[in-house]
Peer 1: 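Structure incoming, see below.
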There are 2 protein chains.
Amino acid sequence: MKWDTLDEEPCSLSRTVAVVGDRWTLLILRECFLRVRRFEAFQSSLQITRHLLSERLKKLVRFGILRRVPYSEAPKRYEYILTQKGLDLYPIIMAMVHWGDTHMGDERGRPLLHEHKTCGKLFDPVMVCSECGEPLHAKQVHVHAGPGRRGADAA
Amino acid sequence: MKWDTLDEEPCSLSRTVAVVGDRWTLLILRECFLRVRRFEAFQSSLQITRHLLSERLKKLVRFGILRRVPYSEAPKRYEYILTQKGLDLYPIIMAMVHWGDTHMGDERGRPLLHEHKTCGKLFDPVMVCSECGEPLHAKQVHVHAGPGRRGADAA
DNA sequence: TTTGACAGTTCTATTTTAGAACTATAGCCT
DNA sequence: AGGCTATAGTTCTAAAATAGAACTGTCAAA
């Protein structure tokens, strides 16, 4: 597979996988949502090699997920901030956290609890239909070819 | 990083990443949700090498995402069916598809459109709070340590 | 002037993945 | 019987990605 052009496939899942489809990238994004912003902080909390961290940050900047922002002029130092495009990855991360909570938990209970500031309660994320508001299940969804379809790819 | 024990980390995201955190696995799961079930069908639609496909299917079976079900006795042949645990990955896949639609689209429009059979409309998936039903945004969520927390890991 | 913090880069060794060929079982055709 | 096809894998070598450790450069503080 040509991973270098995966982001141009006529499949939205493939295009997303091109960006977040590896282990480190998802863990780096987790840290971003936990307000980690600096190279050393990512490196020490993840135990990722500096080389790989550098590569992944560059890639995330290239895709417009993170912005590299100077926070010190002398010496020049930068931190990495989620863009709106990056913030929009939140449902993916939360869906993964929720699945892990549900299916990969152990006897000790959840590692983290999430509070919705808006309503003040501990919550789980639920995926619903934008039209009727009902929770979504795979079997209730029918897939149609859209205008950007080509060949037999899909998702 | 010890990827072989990532599924035991005190972090639900890590545990999920241990299962679906690579490119091929997510693409294989896409095919599963499109009703692909057989080795040859996965292989020809994804152009994955037979070796890797075999490895990934074994891993998904090991984690209880797919069930290997015989569909022919002589010769013995098997197909791969999503378990409930596998079906529950749907929100992750849909969240990724939606992000791809929103942020990685091209001028030709979406590759696929999704119809909610329950209400009959074309929809987008929306992640909401289980308690108040409002759409979730990263900035409105506050994270607390849960009972399964240990050390500085999180998500 | 030496040490430490920070943000990387460079190097070699190990692990993973790609790509192609090979194995095994059995039905169908002649 | 002998060969062709379909299906579901396994095995092999080469190429690519990752791990792990050491190194670079800038500046501040001791």
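Sequence lines set the chain letters: A, B, ... in the order given, protein chains first and strands last, and positions in each chain run from 1.
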Peer 1: Using atom CZ of A:R37 as one end and atom P of C:dC6 as the other, report the distance to the nearest whole Å.
Peer 2: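 A:R37 atom CZ is separated from C:dC6 atom P by 16 Å.
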
Peer 1: Decide side-chain contact (heavy atoms from CB on, under 4.5 Å) for B:L87 and A:K139; before the verdict, give the C-alpha distance in whole Å, the side-chain angles of both, and the deciding distance to 0.1 Å.
Peer 2: CA-CA 9 Å; B:L87 287 166; A:K139 309 212 171 191; 4.0 Å; yes

Peer 1: Could you check how far CG of B:L53 sits from P of D:dT7, rounded to whole Å?
Peer 2: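 My rounded result for the distance is 14 Å.
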
Peer 1: Ignoring backbone atoms, test whether B:R68 places a side-chain nitrogen or oxygen under 4.0 Å from the OP1 or OP2 oxygen of D:dG9.
Peer 2: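 So the side chain of B:R68 is within the cut-off, an N or O lying under 4.0 Å from OP1 or OP2 of D:dG9.
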
Peer 1: What nitrogen or oxygen pairs link the protein and nucleotides 20-26 of chain C at under 3.5 Å?
Peer 2:
none

Peer 1: Expressed in angstrom and rounded to an integer, what is the separation of A:Q43 atom CD from D:dA19 atom C1'?
Peer 2: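 Atom-to-atom, A:Q43 to D:dA19, this comes out as 12 Å.
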
Peer 1: Take the C1' atoms of the five end pairs on each side of the helix from C:dT1-D:dA30 to C:dT30-D:dA1, derive the two axes, and give their angle rounded to 10 degrees.
Peer 2: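 Computed from the C1' atoms at both ends, the axes differ by 10°.
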
Peer 1: Does B:Y71 make a side-chain N or O approach to OP1 or OP2 of D:dA8 shorter than 4.0 Å?
Peer 2: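 So the side-chain polar atoms of B:Y71 do come within 4.0 Å of the phosphate oxygens OP1 or OP2 of D:dA8, strictly under.
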
Peer 1: Identify whether NZ of Lys or CZ of Arg in B:R77 sits under 6.0 Å from the centre of the six-membered ring of B:Y71 and within 45° of that ring's axis.
Peer 2: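 Cation-pi check for B:R77 and B:Y71: fails.
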
Peer 1: Could you walk me through whether A:T118 and A:H116 pass the side-chain hydrogen bond (donor to acceptor under 3.5 Å, both in side chains) check?
Peer 2: CA-CA 5 Å; A:T118 314; A:H116 193 206; 3.2 Å; yes

Peer 1: When you measure from the side chain of B:S54, which nucleotide among D:dT18, C:dA7, D:dT10 comes out closest?
Peer 2: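 The listed nucleotide nearest to B:S54's side chain is D:dT10.
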
Peer 1: Classify the angle between the aromatic ring planes of A:H144 and A:H142 as parallel (below 30°), tilted (30 to 60°) or perpendicular (above 60°).
Peer 2: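 Perpendicular.
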
Peer 1: With under 30° as parallel and over 60° as perpendicular, where do the rings of A:F33 and A:Y90 fit, or are they tilted in between?
Peer 2: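 Tilted, since the angle between the ring planes falls between 30° and 60°.
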
Peer 1: Go through A:D101 and A:R110 one step at a time and tell me if the salt bridge (Lys or Arg N to Asp or Glu O under 4.0 Å) criterion holds.
Peer 2: CA-CA 6 Å; A:D101 280 339; A:R110 307 188 171 194; 3.7 Å; yes

Peer 1: Hey, is the side chain of B:Y80 poking within less than 4.0 Å of OP1 or OP2 on D:dG9, counting only N and O atoms?
Peer 2: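 So the side-chain polar atoms of B:Y80 do come within 4.0 Å of the phosphate oxygens OP1 or OP2 of D:dG9, strictly under.
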
Peer 1: Could you check whether A:R68 makes a cation-pi contact with A:Y78, meaning its NZ or CZ is under 6.0 Å from the centre of the six-membered ring and within 45° of the ring axis?
Peer 2: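 Ring-cation test returns yes.
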
Peer 1: Below the 4.0 Å mark, does D:dT18 have OP1 or OP2 next to a side-chain nitrogen or oxygen of A:R56?
Peer 2: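 A:R56 to D:dT18 OP1/OP2: side-chain N or O found under 4.0 Å.
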
Peer 1: With a 4.5 Å cut-off on side-chain heavy atoms, are A:C129 and B:C119 touching?
Peer 2: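 The answer is yes, as the side chains (C-beta and beyond) meet within the 4.5 Å cut-off.
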
Peer 1: Measure CD/B:E55 against P/C:dA18 and give the value in whole Å, please.
Peer 2: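 Roughly 12 Å, once rounded to whole Å.
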
Peer 1: Round to a whole Å and report the spacing from CZ of B:R23 to P of C:dT16.
Peer 2: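 Taking CZ of B:R23 and P of C:dT16, I get 16 Å after rounding.
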
Peer 1: Nearest whole Å is fine: how far is C:dC6 P from A:E79 CD?
Peer 2: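 A:E79 atom CD is separated from C:dC6 atom P by 12 Å.
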
Peer 1: For C:dT17, does OP1 or OP2 lie under 4.0 Å from any side-chain N or O of A:W3?
Peer 2: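 No, because none of the side-chain N or O atoms of A:W3 sits under 4.0 Å from OP1 or OP2 of C:dT17.
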
Peer 1: Figure out the OH/C1' separation between A:Y78 and C:dG8, and round it to whole Å.
Peer 2: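 To the nearest whole Å, that distance equals 12 Å.
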
Peer 1: From CG of B:D22 over to C1' of C:dT17, roughly how many Å is that when rounded to an integer?
Peer 2: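 It is 11 Å, rounded to the nearest whole Å.
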
Peer 1: Regarding A:R30 and B:S14, is there a side-chain donor-to-acceptor distance under 3.5 Å anywhere?
Peer 2: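 Looking only at side-chain atoms, B:S14 and A:R30 do form a donor-acceptor pair, the distance falling under 3.5 Å.
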
Peer 1: Hey, is the side chain of A:K58 poking within less than 4.0 Å of OP1 or OP2 on C:dT9, counting only N and O atoms?
Peer 2: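 Looking at the OP1 and OP2 atoms of C:dT9, one of them is under 4.0 Å from a side-chain N or O of A:K58.
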
Peer 1: Compare side-chain N and O positions of A:K59 against OP1 and OP2 of D:dA17 and report whether any pair is under 4.0 Å apart.
Peer 2: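 For A:K59, the contact criterion (side-chain N or O under 4.0 Å from OP1 or OP2 of D:dA17) is not met.
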
Peer 1: Can any side-chain N or O of B:T83 pair as donor or acceptor with the backbone N or O of B:I65 at less than 3.5 Å?
Peer 2: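 Yes; judged by distance alone, with no hydrogens or angles, the pair exists.
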
